[in-house]
Every structure is written in C-alpha cells, then in structure tokens.
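Let me begin by presenting the structure, written as structure tokens, before commenting on it.
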Number of protein chains: 2
Amino acid sequence: MSSRLKGIYSQLKQRRLDGLLVCLPANISYLAEFLSRDSYLLLSEKKSIYFTDSRYTEEAKAFLNSKIRLKECNGSVFKRIAEASLGLGLKRLGFEERYLPFAEFAKIKEYANGRLELIPTHSIIEDKRQVKDSLEIKKLKQATRITSLAFEHIKKFVVPGVKEIEIAAEFERFIRYHGCNASAFDIIVASGPNSSQPHHLSGQRRLRDNEPVLIDLGVDYQGYKSDLTRVLFLGKINFLVRKVYDIVLKAQKLAIKRVRPGAEMAAIDKVAREYIASKGYGRYFTHNLGHGLGLEVHEDPRISGNEASAVKPGMVFTIEPGVYLPARFGIRIEDMILVTSKGCEVLSGAIN
Amino acid sequence: MSSRLKGIYSQLKQRRLDGLLVCLPANISYLAEFLSRDSYLLLSEKKSIYFTDSRYTEEAKAFLNSKIRLKECNGSVFKRIAEASLGLGLKRLGFEERYLPFAEFAKIKEYANGRLELIPTHSIIEDKRQVKDSLEIKKLKQATRITSLAFEHIKKFVVPGVKEIEIAAEFERFIRYHGCNASAFDIIVASGPNSSQPHHLSGQRRLRDNEPVLIDLGVDYQGYKSDLTRVLFLGKINFLVRKVYDIVLKAQKLAIKRVRPGAEMAAIDKVAREYIASKGYGRYFTHNLGHGLGLEVHEDPRISGNEASAVKPGMVFTIEPGVYLPARFGIRIEDMILVTSKGCEVLSGAIN
C-alpha cells in the first residue's frame, strides 16, 4: 500500500518539488492509512513526517503507515514544520493552496526565514484518490450495503404525520447499530414542496398524503462515504410528478449507459442534460450530473459539462440528475457507480 | 439586533479598515442572523453584501438580516468580491487570515489588480461573539435542556453488553425527536480503558461490569451548541476510580466558585490545576480547563493558563477538568457556565 506514497513522490519530482505539506484531513488519511484528526503531513522522498499533538499520539502509534515518522508536537506546529523542512534540506516545498489558511502559510514562511520557497499546488493527492484501490472499493461497497439496509428500515417511517427530522432520527440510530460511526452528511428528508430545494435541511414539517418525499442519505463506513437519493410517494401520485419522475429516471439510465473507461465526463453529463432539455425541463436541472466519492462525500471527479477528462476504471462517482420546480416539488435520483474495466457497476442498484 | 453589525463597523474603523471579508460560517451566521451555508459576507459601513449561489437564494431571501444585501453569484465568487469591493471604493479590506485559504486570498488579490490592499485580521467577530445576547442565551439554555433530557434517556442503555456506538445511536435518535437537527459533534462514549483517551471515538467495544463509562455529548439547537461530560459507573466502583473522580469533581467546584465578572481566566484554570496537582495527578490533566461555546462548539474564550483576560457577563463556557491515566481510565466532568452580572449560573447544573 505504500504505492500511494510512491505515486505522490513521483508527482512531486515531475513538478520539481522537494516536498509537499498536506493539510486536508482526507488527503492525510489517505496517505497515513488511518483516519487522521488534527494533524499535518510533511512529505518528502527522504523522510515523511506526521505531526500531531498528545491527544492523538496513542492512535497514531497504533495505526500510522509505517513508512511515515510520527512527531508529537505540542507547541507551534508551524515552527516544527519549517524546522523539519529545513532540516531535510528542502528548498521548494509545495502546499495545498485550497486548504491551507493564509495565516498558516504566513507563519511557516516566517519561521523558514527566507530559506524555503513555498509553492502553491492543488489536486496532487486528490487526483490520485479519484481511482480507488481494492480495499477502498470494498469499504465503499460495505457503505452502500449498510445504506441499503438503512433505507429499507426508514421506509417504514415514511407515513403521513411523521416529521421529516424523525425519519432522519431513525436513520441516524439504525446505521450506528450496523457498523457505521456516523452519517456522511445531515441527511435530507424533503417532503412536498420542500423537495424543490436541492439542499433542504430536514425539519419539523410533517409528511402528508399524496406528496413526494425526497430522501438523500449516506453513511460513513470506516471513513468511506455513500450518497444516494430516492423519491418515495405517499398516496396518489400526481400526473406531473409522475411525468417528471419518469424523465429524470430515463435521463439517469441514459447517462449510466455511457459510463465506461475512456468516456468523456462532459459527454456523460450532456446525454442526461439534453434528454431533460428535450422534454422541456432543462432550466430546472440546476446542478452537475454527479461527483466522485470516497474519503469525502464530494470529491473529484466532477461529472459536469466542463469536465473534458475521461472516465477510468476504479473511479466511483454518483449519477444524479434532478428537476426542481420552485415551490412545487423536486425529483432527484442518485446512484453510486463503480467504473469497471469494460463498463460500470451500479453499486446501489439493488436499492428501490 | 443590527447592533451586531454596528459593533463590527466600529471595530473596523478603529483598525483603519474600510471593509472586512468574512468567510467563517459561524461568523457569517452571527451577522446574517440565520444559519448560513456556502457563502461569503463583505462588510462595509456603506453597504454589506452576502454572496451565495442559486441553491441557497430562497432561504437567504427569507431569513437574511435586512441590513445586508443579497447577491446571487454562480460564477467566480472571488471575482465578484473584488469587483464589489472596488465598486464600493474600498482601499483597505480586512480578511480572516485563520480561515481564508491561500488560494482564495490569491484570487481576490489578482482580480483586484493592485487596487485593493488585503489586510490579515483575526478575532474581530469572534471577540464580539464571546458575550452572548439574550436570544443566544435562550437558545443555549434550550440546547442544555434537550441535552439533559437526552442524557436521562441514554442512561437506560448504559448496561453491560451494550456497545459504545449503540449509546451514541440512541442519543442521535432522541435529540431529533426533541427539537434538534443534529448533534454538536460525534459524541464520545468511552468505556473502561477507552476513557483514558480524551478524544476517543465511540466504537464497537461493549460495556462491562465494574468499569467507568465516560460520556461527552452535545446538541445543535438552532445553530447553538451544548457540550457536557459525565462519568457513569457500572457495578462496583474501584477505589482509585472513585478517588480520582472526587478529585476532579472538587477541582471543578473550586473553579466554578471563582467564575464572576472580572475574574482572570488564567486564575480560574489555575485553581483547578493546582488542586489536581496537589493530589499528585497534575501531569494527567493534559488540556485546558474550558472553552467558550455558542455557534461553534469550541470558540473563544479559552479558559487556559495563558489567558490573562477577564470574564465578562454574558459569556458562556465549559469548565471541564480531567485526569487521564494512560491505558487505565479517565475522568472528566464538564459543565456549561453562564456568567451573570454578579457570579455565574451552571446551565447544566440539574444534570446528574
């Protein structure tokens, strides 16, 4: 598994960097090979160092990737990072410009006192994380299995009179009895007109008869996230709701059919978007078609019209077209897709 | 309530700033007066502008502080921020150096093209948030009430054979049936030797007879957080565990007695720390005595030995001495304290 580190070292060489300071928790966890908290990771081919404080040294000692040195650090971690970089003879140190706060950049620069060039970088580790290895795929599949069980469980509570937040309550309880430590995000239970807001916060509204209920949920299983959306119906389904549902479902199927190694992401987005537009609802599909997921619930790749790059085997991402009619209702159908060597597997395919 | 904005404007004037770019969600929520997501807030006495994207304009229209203009922004928000700053004639724009990522700083600087001086600042809004107003205190009290009910509820599950994470499961369910949207953090249920790690993650370990169980929990009620720790005992209490428990409890009582307007924070920390040290456990009390809480579960003030500033009426913070004997057990007792005009009120005092 130290191939993860090797891949990054070769990326650094290509960019003429002697080292990289990693601060995004998901990136640190990926390379440290355990779920890291409150830490920084200094990478260099000579030596890589994991900085954390006394609250976490016990767990780091037990789980940290053996190729990385542990350094407990209870004073200014930025001083230590600067000193360690200089001690290793680094001249050009990359840092994650999207995640390192300005003040931390400034402190490291000050402590290095002109002897270290700090180079903004982005996506070095995120790009590598796009393609999952077999252990990651195993965890993502288990996350999906638990999500499937949880969804079956909460369906029983989707009845008129129950509050949105109470369905979230039952979900949060269930997943912790089935191997998860947490949900992947505050799950969305959006009933009736609330479903027209793509990011509704589950609230005090009670479910009513003859309305759609949009449920967007996900778990965290050993750090790996799931993300899935279904729309359920109470009582009679209004004609328009059924029509829009069928359009979104067909758009999703058309997109999934296109997923195979080499397919351009923009082309996958386009097939769903054009189908929805051809039915007259183009302006109501207001977000990207999908996003990668793994150690983060939203990560690269983005399945969007701007993304010219191609799909690769081992990628895991969502396909989630949606149509939102303001103040009326919204429909989104979201599945998790694993790209295989010849096509794709819908990880969440068994969930209805 | 626009006194919140006025207080900030006068701070800016004192620092010779024409404006301030706010990016910390809790700071934005505090001034926008609703729970904001994915947004930036540009403050200036002339005009203050709230930038968000189309996913959130509906809720912003409904809830945003009426003294602040709403700007929907689906392209580069950093370009818009630079343009708006220049349009308002700002010359010296402060930004939150601890929270603004380097790349965002660099983009705004680039778009402003030398016509805007970006000044690192910190704590301007956090300092104001230290003293709570009556609406905030009401919400914190309600958060504490729900926490108290939830704690009574989960006690029933604290029996030998139950897994730590299952107690967390029951907590997560209960609070959503009682007015909360979420927990304040992944609650800690640490049984037996796990309690010796101050930040244990609740896991698969089953509770056993004759062991302590440390439970650290908190809710989010309309954005306001609670945070409370109790240690429960199953079966017989070992002599040493009881002894350490009594020391920690006494240390907490001594510290709480010192809390009144004007008291120095370092002195409050010291009285607890010195008592624990006098009993021979000083080196096992490894963290600060307490922290403020409100829109964030950890915010200023820090009740620590380094904090020379004085306690003010309206502050809400925890007092939580702890003693952790590695690989054996840990005891922490944590309460939420409201500073009143003459002394203090233990908000969580009714919880046993």
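Both backbone and side-chain heavy atoms feed into the values below; hydrogens, waters and symmetry mates do not. Note that this is a predicted model, so its numbers are computed, not measured. Every chain is numbered from 1 and lettered A, B, ... according to where its sequence line falls, protein lines coming before strand lines.
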Please flag which part of B:S202 lies under 4.5 Å from any non-hydrogen atom of chain A: side chain, backbone, both or neither.
backbone

Residues, nucleotides or ligands: over 12 heavy atoms within 6.0 Å of B:F185 CZ
yes

Contact class of B:Y324 relative to chain A, heavy atoms under 4.5 angstrom
neither

Can you tell me how far apart CD (B:E104) and OH (A:Y99) are? Round to the nearest 0.5 Å.
10.0 Å

With a 4.5 Å heavy-atom cut-off (strictly below), which parts of residues 169-180 of chain B touch chain A? List them by number.
B:A169, B:E170, B:E172, B:R173, B:R176, B:Y177, B:G179, B:C180

Can you tell which part of B:I165 gets under 4.5 Å to a heavy atom of chain A, answering side chain, backbone, both or neither?
both

Give me the contact list for residues 214-221 of chain A versus chain B, heavy atoms only, anything under 4.5 Å, ordered by residue number.
none

In terms of heavy-atom proximity below 4.5 Å to chain A, should B:A182 be classed as side chain, backbone, both, or neither?
side chain

The test is side chain to side chain contact (heavy atoms under 4.5 Å, CB included); show your working for B:N181 and A:D186 and say whether it passes.
CA-CA 8 Å; B:N181 277 326; A:D186 284 342; 5.9 Å; no

Take atom CZ of A:R328 as the centre, draw a 6.0 Å sphere, and report whether it contains more than 12 heavy atoms from other residues, nucleotides or ligands.
no

For the residue pair A:F102 and B:F102, categorise the inter-ring angle as parallel (less than 30°), tilted (30 to 60°) or perpendicular (more than 60°).
parallel

In terms of heavy-atom pairs under 4.5 Å with chain A, which of B:A327, B:P120, B:P101, B:G203 leads?
B:P101

Heavy-atom proximity to chain A below 4.5 Å, by part of B:Q204
side chain

Toward chain A, the part of B:E58 with a non-hydrogen atom under 4.5 Å
neither

Which value, rounded to the nearest 0.5 Å, describes the distance between A:R55 atom CZ and B:Q197 atom CD?
12.5 Å

